[in-house]
Amino acid sequence: MNRLLLFLAGILSLLALSWGVLVGMPWLQLGAFSPTSSPGAPEPLSALALEGSRVYAAENCAACHTQQIAPGDHAALAREWGRRATVPDDFRAARPEMPGQLRIGPDLSDVGHRRSALALAQWLYAPPADSAMPPYRFLFEPGMPGGEIVPTPRGAALIAYLMTLEQAMPSAASASAPASAAP
Amino acid sequence: MNGFLPSDASAVSATPLERAAIDASLRRPLLLFIGSALVWLLIAGLLRWLVSIEALFPAAFGAIAGLSYGRIEAASRMAALFGWAALAGYGVALWLLARLGGIAVPHWGRSLLPAAAVAWNAALLAGMAGILGGVSTGVAGWELPFRAGGVLVAAQVLLALFGAFLFVARRSGALYVSQAYLLAALVSFPVICGLSEGVLAAGVANPGAAQAAALAWSVGALFGLWLIPLGLGILYYFLPKVLGRPVESGGTAWFGFWSLMLVGGWSGASRLTGGTAPAWVASAGIAAHIALLVPAVAVAVNLFPLLRGQLGSLALAASPVLRCAVVALTAFVGFHVEGFLTGFRSVGDLVRFTYWEEARAGVSLDLFAAMALFGAIYFIAPRLADWEWPSLRLIRLHFWGACLGAALLAGALAMGGLIEGLGLADAQVPFAAIISLTRPFLWVRSAALLIMLLAHAAFALHFARLLLRTGPRRAGPTLFAVGPHVLTPTLMP
């Protein structure tokens with residue numbers, strides 16, 4: 001029994017060490033920032049946009065789209081996916097943060113700036129032929145007269161959320177953000 | 001570490017009658033774990049194949065919400081990790097701990113284990129229905145809705161306590177390295193999942209970039225401290241046992257174990273490279289990725305020498321258990337070498353956000369963990385069912401299909417990822433052109449996943465035939481090369 005306790009203590013201590021350093025310390029470091037510390041930092045999401053972030057999560061948009069542009073990712077900036085590198089304050093409103101791990105579609109860090117709500121609706125309803133994106137017809141009302149595209153409440157919420165994704169915070173502010181020290 | 005022995009303690013301390021009693025005590029619960037794991041394996045395989053089809057034909061299921069790309073992609077991952085790998089892992093780990101401890105499961109355990117398996121399956125089914133129905137956390141690796149995840153954590157705690165009981169009640173005082181790996185996996189699993197569920201719940205109320213560090217840690221720890229120890233516990237048991245040889249060094253085995261425990265929880269932070277977490281967090285993750293080569297080398301120098309002189313031998317040719325274990329061991333070393341190389345920023349930056357990430361996950365899940373589990377099930381299931389595998393043809397079909405499919409999948413995605421990475425790094429290449437360039441590899445992925453699905457279906461069918469006791473009663477195990485000359489004592493049950 002004593003041997004088991006010693007063994008378990010060793011395992012759990014090493015696990016706690018990695019969690020404490022990699023999770024606890026960044027939480028203390030980043031969590032201390034005031035939400036209004038940087039000019040242009042995202043405002044809390046509206047109720048509609050918050051619902052849209054849940055649709056974004058439920059449809060697993062992060063499976064194909066990132067929301068993070070690394071410092072030095074000049075190709076992403078040249079493709080106009082963003083105006084600057086991502087900083088921690090960009091995720092002030094994220095619930096939860098969904099930065100994504102694959103780019104099967106373009107990065108969405110600044111999609112609210114580079115696309116209109118109408119363009120996003122058209123894209124979700126019928127993506128271009130050269131895109132890998134599937135159409136999300138079920139987010140739109142079926143059988144509208146004259147082929148009109150009318151989003152369902154979930155579709156409207158998703159578009160509202162996507163429109164909040166913009167890098168309004170200027171580069172100067174991002175450069176001075178205390179923990180933006182991306183590698 | 002005193003008491004280290006290379007293989008099955010019960011082979012030394014328990015009589016055949018006692019071993020039969022241990023198997024009988026575990027028969028119903030573990031066949032339930034393994035049987036339901038195989039159902040999840042097929043569900044995961046089907047969903048993964050549908051994902052690959054939808055990647056080639058994006059409009060294929062556009063009108064059906066429950067079959068949208070994002071939902072089935074998340075559901076396939078949950079089915080593979082928490083359905084197949086977790087349930088099969090529990091089935092194998094509990095059998096090994098009981099056999100190594102030389103104890104039969106008491107009556108209360110025979111009721112508790114099926115209850116845990118039923119609760120697990122019900123929660124996972126509800127969570128999967130939630131994902132396909134449009135309710136998900138949206139966080140890769142932890143998509144199950146909170147309540148389903150909570151039930152799984154409760155079941156994990158229960159099963160970890162049961163694993164600890166098997167360890168405490170063991171008849172031999174010795175501590176085997178395979179026991180240590182399995183116990184570490186059982187204990188780490190609920191801690192990692194519980195912390196992740198907690199972070200997700202807190203994150204909803206407390207938004208911010210620090211969540212990224214927490215979730216990256218949890219994904220890395222899930223592989224480093226659960227899946228890898230589980231696989232290594234299996235390999236450290238079966239390779240010496242089937243080959244009838246001791247491992248090279250007990251000291252090296254324990255060094256490998258503790259060094260994995262030390263760095264296994266850190267590697268996930270490397271996913272934060274270029275992200276919003278503080279730079280030192282990603283740097284620590286990269287350092288851990290490189291340091292993981294240390295336990296990998298310790299395992300390799302201990303287990304590969306067992307195969308010295310065996311590569312052309314009848315034992316390797318004959319035993320499906322051994323073949324699966326060798327594939328798993330090779331994949332284990334391979335993905336740690338890959339982790340070491342991509343730990344260097346110049347290499348890692350090239351393949352970030354590309355299909356390479358999926359190739360890496362495929363190697364660790366399909367070639368390492370799954371092959372280790374298949375090998376273990378080939379050994380364990382006949383003992384639990386008291387019936388030998390009925391068909392050599394189905395074993396052959398499964399082994400080659402699973403191996404070739406997984407290798408093809410990893411190779412295609414790695415190549416596709418490399419090309420995608422080169423394209424993403426060059427702003428002159430239009431994004432649509434990058435997508436077009438990767439399409440041939442996606443065709444190969446789809447074919448590979450179909451091969452794997454058929455192979456896994458053959459395995460599930462074979463398992464069902466084993467339970468139904470079809471075919472003639474065999475005197476010895478079903479081996480690739482059947483003949484009296486290969487039925488050595490180590491290959492015999």
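Chain letters run A, B, ... following the sequence lines, proteins first, then strands; residues in each count from 1.
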With a 4.5 angstrom heavy-atom cut-off, is it the side chain or the backbone of B:Ala284 that approaches chain A, or both, or neither?
side chain

Honestly, the part of B:Ile435 sitting under 4.5 Å from a heavy atom of chain A is side chain

Would you call the rings of B:Trp217 and A:Trp19 parallel, tilted or perpendicular, taking 30° and 60° as the class edges?
perpendicular

Non-hydrogen atoms of chain B under 4.5 Å away: do they reach the side chain of A:Thr66, the backbone, both or neither?
side chain

How are the rings of B:Phe257 and A:Phe7 set to each other: parallel, tilted or perpendicular (split at 30° and 60°)?
parallel

Report which part of A:Leu8 has an atom under 4.5 Å of a heavy atom belonging to chain B: side chain, backbone, both, or neither.
side chain

Using heavy-atom distances under 4.5 Å, tell me whether A:Ile104 contacts chain B through its side chain, its backbone, both, or neither.
both

Cut-off 4.5 Å, heavy atoms of chain A, and the answer for B:Ala180 is both

Please state whether the side chain, the backbone, both or neither of A:Arg79 comes within less than 4.5 Å of a heavy atom of chain B.
side chain

What heavy-atom pair brings B:Trp280 and A:Pro26 nearest, and what distance separates the two atoms?
CH2-CD, 4.0 Å

Could you check whether B:Phe61 and A:Phe138 have their ring centres less than 6.0 Å apart?
no

Toward chain B, the part of A:Val21 with a non-hydrogen atom under 4.5 Å:
both

